[in-house]
Engineer: 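Encoded as structure tokens, here's the structure I'll be asking about.
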Amino acid sequence: MNISLRSKSFSVRLTRRVVLVMLVTMSFISGLIFIWATVSMGMMSKAHYHDVLDITNQKVGKIMTAVEVAAINNVSEIERNLDSPERVFAAMKGELELNPHVIGCGLAFIPDYYPQQGHWFEPYVVRHDNGEIESLQIGSASHDYLKSEWYLKALTEEGGYWSNPYYDAHGAKAMLCTYSKPVRDAQGRIVAVFGADVSLDWLKDQLHEIDKSERQNFFVLDSTDRAFAPYSFIIGRKGDYIVHPDEHRILHKNYMEEAKYTNSDGDDNLGILMRKGQSGQEIVDVDGITSYVFYAPLEQSGWAMAIVVPAFTIFFMGILVGCITLLLLFIGLMVVFHICHVSIRRATLPLKQLSVSADEVAKGNFHTQLPVIEHDDEIKLLRDSFDTMQHSLSQYVKQLTTTTAQKAAIESELHVARSIQMSMLPKTFPPFPERSDIDIFGKLTPAKAVGGDLFDFYLNDNQLFFCVGDVSGKGVPASLVMAVARSLFRNISAHTAEPNRIMGSLNEALADGNENNMFVTLFMGVLNLENGCLSYCNAGHNEPILISDNVQFMACDPNLPAGIESGWDFTLQETQLTPGTTLFIYTDGLNEAENAVQEQFGDNRMLAKAGELLSKSLSAEQIVNEMTEAVHRFVGDAEPSDDMTMLAIQYKGK
């Protein structure tokens, strides 16, 4: 009996000890898990609300940016149509049709800008709920927009201004905020303010979705139960409520006046921190409830958004998740180990098969058979993505082949165009081997396959007609204008030997129908080979260099480039060339040639090089080649930025 009692006592003690050890161990582990779950969920909740603020800020920012871009585009369009109120209406209506975020837009002109429209003229277009767009004129003595915040601020804010919210009773008849920008006339004077109106309903919808989602997350269905339900609000620059679940506070209450709590330092009111554009979180009393307030600025507008979450709700979620985690731990721990190995092995088998197929695709076998996935899950989506990738790669290879062929065809066509263009220029040097009184050499180096520089010359009645020009722009368009200018020079100079008259006729021909606003800088001259008298006319081109006893720029009246203004009176100039004088004419591709550090060759280097050539008694071809070599040494491996043309005319006399 005593032995039995002692044995029972030992077993009880052992059992108690084992149970106690297990209880202490499990209590310690459970406590750690519970604390970890509570702290982790609290941190996750805080991070979640910061993410909600960031996402909302990005959404609002995108919409505001879209409105700003639309307003900038509309201002540019309006500035081109200020000559007519009807065209102003049309421009605003067109922009409104393209921008769904803008409910209406108006243009508030300075007083009496259109005298026939009266002192107040504010054309306005508004989109109604049925999608129709209505055009109105809402400016009047009763609606004096000249005193409106959005009008006055836009006059001083060149980069645009977001107004405080207000109710528009004349145009959109809704709660709005306006993005406004000044409108300038051709002389740069502010003549109006353009305003793009955005309804506040979209902000309400954004916050309503946030509040609804957060109430569901915390199992709170009643939005009026502020002891549990999170809610969000937005305040303006001065603290006025813009959006709030309590609509009676919107534009009627001020957050700064209602706030009775301070931050942890006790120095600044939380509302002041929000108005300063700061972001963060604070634990404060809101309507008598201890709550976390997460706040961040809405950058473009100067507003601030906040989410108020009762502290109990945040900790409740942590406790709830901790309890659920412990429960799942005790239930699942006994079975997870036994089933994980088999389940994971079966679940990852398709991934291994996909890996083998991916290796085949990487080798170029785009038609490799992919494994069949029975379950409709992420692995099935991954398999479908691989299938799409196979087809895309195959299609890409086909397109790349086609593109390569097309590129080769384009390059071939550009090569033909270059050959045609270069064939239009003088290419036989010396051009007049039978004459001893003149030596000429010209060279054109286009920056692209085709270029816009030109030079030409020919003899007629013992007179040398020549020109050097530079068409605005580069590439194919410039080459076409170059061909036209060269043909005009030949045709017009066949009927007159006066350079200014040739230039005037060429200018009229280029300016007529010049919708692309292209022009040609041109130096044109007629040299009398009997006496060395040079008549010339310059149309906005670089001054040529005279290489004689010394080196100097030849005096030239600048005039306008040809093709800009019809009816321009080009001036005629004359000078006397002595035997041995070389006239060196060039385009700005020479003196503006840049090296790798964007330093230009410049006039000084060009004159210095010409001075070196003065004492060498070189031919026209040698002068051009020496100058070409000098600029190539200076530029080095840098890509040419412009076409470069040089023409040397050496007058030797009888």
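This chain uses plain numbering: 1 for the first residue, then up along the sequence.
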Engineer: Side chains of Trp120 and Asp144: does their closest heavy-atom pair fall under 4.5 Å?
Structural biologist: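 The answer is yes; the side chains approach within 4.5 Å.
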
Engineer: Write down the atom of Ala71, the atom of Ala196, and the distance for their closest heavy-atom approach.
Structural biologist: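 Closest heavy-atom pair between Ala71 and Ala196: CB-CB, 4.4 Å.
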
Engineer: Does Gly540 offer a backbone N or O that forms a donor-acceptor pair with the side chain of Asn559 under 3.5 Å?
Structural biologist: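 Side chain of Asn559 to backbone of Gly540: no pair is present.
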
Engineer: Is a side-chain donor or acceptor of Glu79 paired with a backbone partner of Arg184 at a separation under 3.5 angstrom?
Structural biologist: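 Such a contact is found between Glu79 side chain and Arg184 backbone.
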
Engineer: With a 3.5 Å distance limit and no angle check, can you tell me whether Asn99 reaches the backbone of Glu95 through a side-chain donor-acceptor pair?
Structural biologist: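 The answer is yes, because a donor-acceptor pair under 3.5 Å joins these two groups.
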
Engineer: Hey, are Ser142 and Ser140 close enough side-chain-wise for a donor-acceptor pair under 3.5 Å?
Structural biologist: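 There is such a pair (donor and acceptor under 3.5 Å, judged by atom type) between the side chains of Ser140 and Ser142.
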
Engineer: Donor-acceptor check, side chain of Tyr145 to backbone of Phe121, threshold 3.5 angstrom: yes or no?
Structural biologist: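 Such a contact is found between Tyr145 side chain and Phe121 backbone.
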
Engineer: Please tell me if the side chains of Val481 and Asn516 come closer than 4.5 Å, counting only heavy atoms from C-beta onward.
Structural biologist: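 In short, these two side chains do not touch, never coming nearer than 4.5 Å.
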
Engineer: Carefully, step by step, assess Phe233 and Tyr241 under the rule ring pair (Phe, Tyr, Trp, His ring centres under 6.0 Å).
Structural biologist: CA-CA 7 Å; Phe233 64 87; Tyr241 287 106; 5.7 Å; yes

Engineer: Please find the pair of heavy atoms, one from Leu200 and one from Cys177, that lie closest to each other, and give the distance.
Structural biologist: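 In this case the closest contact between Leu200 and Cys177 is CD2-SG, 4.1 Å.
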
Engineer: Please confirm whether the backbone N or O of Leu560 pairs with a side-chain atom of Glu565, one donor and one acceptor, at under 3.5 Å?
Structural biologist: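 Not confirmed, Glu565 side chain does not pair with Leu560 backbone.
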
Engineer: What I'd like to find out is whether the side chain of Glu122 reaches to under 4.5 Å of the side chain of Gln137, using heavy atoms alone.
Structural biologist: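 Heavy-atom side-chain distance check passes, below 4.5 Å.
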
Engineer: Answer yes or no: does atom CD of Glu515 have more than 12 heavy-atom neighbours from other residues, nucleotides or ligands under 6.0 Å?
Structural biologist: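 Count not over threshold, so no.
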
Engineer: In Å, rounded to the nearest 0.5 Å, how long is the span from CG of Leu96 to CG of Asp197?
Structural biologist: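 These two atoms lie 9.5 Å from each other.
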
Engineer: What's the separation between atom CG in Asn542 and atom CG in Asp588, rounded to the nearest 0.5 Å?
Structural biologist: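 Atom-to-atom, Asn542:CG and Asp588:CG are 5.5 Å apart.
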
Engineer: For the residue pair Thr587 and His541, establish whether any side-chain heavy-atom pair is separated by less than 4.5 Å.
Structural biologist: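 Result yes, sub-4.5 Å side-chain heavy-atom pair found.
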
Engineer: Please report the closest heavy-atom contact between Pro230 and Val309, naming both atoms and the distance.
Structural biologist: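 Taking Pro230 first and Val309 second, the nearest heavy atoms are CB-CG2, 4.0 Å.
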
Engineer: Hey, could you give me the CG/NZ distance between Asp54 and Lys59, rounded to the nearest 0.5 Å?
Structural biologist: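 Going from the CG atom of Asp54 to the NZ atom of Lys59 covers 12.5 Å.
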
Engineer: Pair Leu136, Phe89 - check side chain to side chain contact (heavy atoms under 4.5 Å, CB included), show working.
Structural biologist: CA-CA 9 Å; Leu136 306 169; Phe89 268 112; 6.0 Å; no

Engineer: Can a side-chain donor-acceptor contact be found between Tyr166 and Thr178 if the only test is distance below 3.5 angstrom?
Structural biologist: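 Judged by distance alone, the side chains do pair up.
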
Engineer: Taking all non-hydrogen atoms of both residues, which atom of Ala485 and which atom of Leu506 are closest, and how far apart?
Structural biologist: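 Result for this residue pair: O-CD1, 3.7 Å.
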
Engineer: Minimum heavy-atom separation for Asn74 to Ala91, with atom names?
Structural biologist: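 Residues Asn74 and Ala91, closest heavy atoms: OD1-O, 3.5 Å.
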
Engineer: Is the shortest heavy-atom distance from the side chain of Cys105 to the side chain of Phe194 under 4.5 Å?
Structural biologist: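 Yes - at least one pair of side-chain heavy atoms lies under 4.5 Å apart.
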
Engineer: How about CG on Asp569, more than 12 heavy atoms from neighbouring residues, nucleotides or ligands closer than 6.0 Å, or not?
Structural biologist: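 Open: at most 12 neighbouring heavy atoms sit under 6.0 Å from CG of Asp569.
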
Engineer: Report the distance from atom CE of Met64 to atom NE2 of His101, rounding to the nearest 0.5 Å.
Structural biologist: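 Reported to 0.5 Å precision, the distance equals 12.0 Å.
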
Engineer: Please indicate whether Asp129 has more than 12 foreign heavy atoms, meaning atoms of other residues, nucleotides or ligands, lying under 6.0 Å from its CG.
Structural biologist: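 Count not over threshold, so no.
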
Engineer: Can a donor-acceptor pair be found, under 3.5 Å and without considering hydrogens, that links the side chain of Asn514 to the backbone of Gly563?
Structural biologist: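 It does hold such a pair.
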
Engineer: Taking all atoms of both residues into account, what is the closest heavy-atom pair of Asp453 and Met482, and its distance?
Structural biologist: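 In this case the closest contact between Asp453 and Met482 is O-CG, 3.2 Å.
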
Engineer: Could you tell me whether the side chain of Val520 reaches within less than 4.5 Å of the side chain of Leu510, counting heavy atoms only?
Structural biologist: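 Leu510 reaches Val520 side chain to side chain.
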
Engineer: With side chains defined as the heavy atoms from C-beta onward, is the minimum distance between Leu82 and Phe109 less than 4.5 Å?
Structural biologist: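 In contact.
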
Engineer: Please answer whether the main-chain N or O of Met518 pairs with a side-chain N or O of Ser472 as donor and acceptor at a distance below 3.5 Å.
Structural biologist: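 It does not hold such a pair.
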
Engineer: Spell out, as yes or no, whether a donor-acceptor pair under 3.5 Å connects the side chain of Asp168 to the backbone of Ala172.
Structural biologist: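 Here the side-chain-to-backbone pair exists.
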
Engineer: To the nearest 0.5 Å, how far apart are OG1 in Thr571 and CE in Met503?
Structural biologist: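 So the OG1 of Thr571 and the CE of Met503 are separated by 9.0 Å.
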
Engineer: With under 30° as parallel and over 60° as perpendicular, where do the rings of Phe294 and Tyr292 fit, or are they tilted in between?
Structural biologist: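 Because their plane-to-plane angle is under 30°, the rings of Phe294 and Tyr292 count as parallel.
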
Engineer: Between CD1 of Ile78 and CG of Leu107, what distance do you get to the nearest 0.5 Å?
Structural biologist: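 Answer for the CD1-CG pair, Ile78 versus Leu107, is 4.5 Å.
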
Engineer: Taking the side chain as every heavy atom from C-beta outward, state whether Ile235 and Tyr295 have any atom pair closer than 4.5 Å.
Structural biologist: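 Heavy-atom side-chain distance check fails, nothing below 4.5 Å.
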
Engineer: Between Ser180 (side chain only) and Trp150 (backbone N and O only), is there a donor and an acceptor less than 3.5 Å apart?
Structural biologist: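 Yes, because the side chain of Ser180 sits within donor-acceptor range (under 3.5 Å) of the backbone of Trp150.
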
Engineer: So, the side chain of His244 versus the backbone of Asp246: is there a donor-acceptor pair under 3.5 Å, distance only?
Structural biologist: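 Yes, the answer is positive, given that a donor and an acceptor are paired below the 3.5 Å cut-off.
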
Engineer: Counting only heavy atoms from other residues, nucleotides and ligands, does the tally under 6.0 Å from CD of Glu639 exceed 12?
Structural biologist: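 12 or below, so no.
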
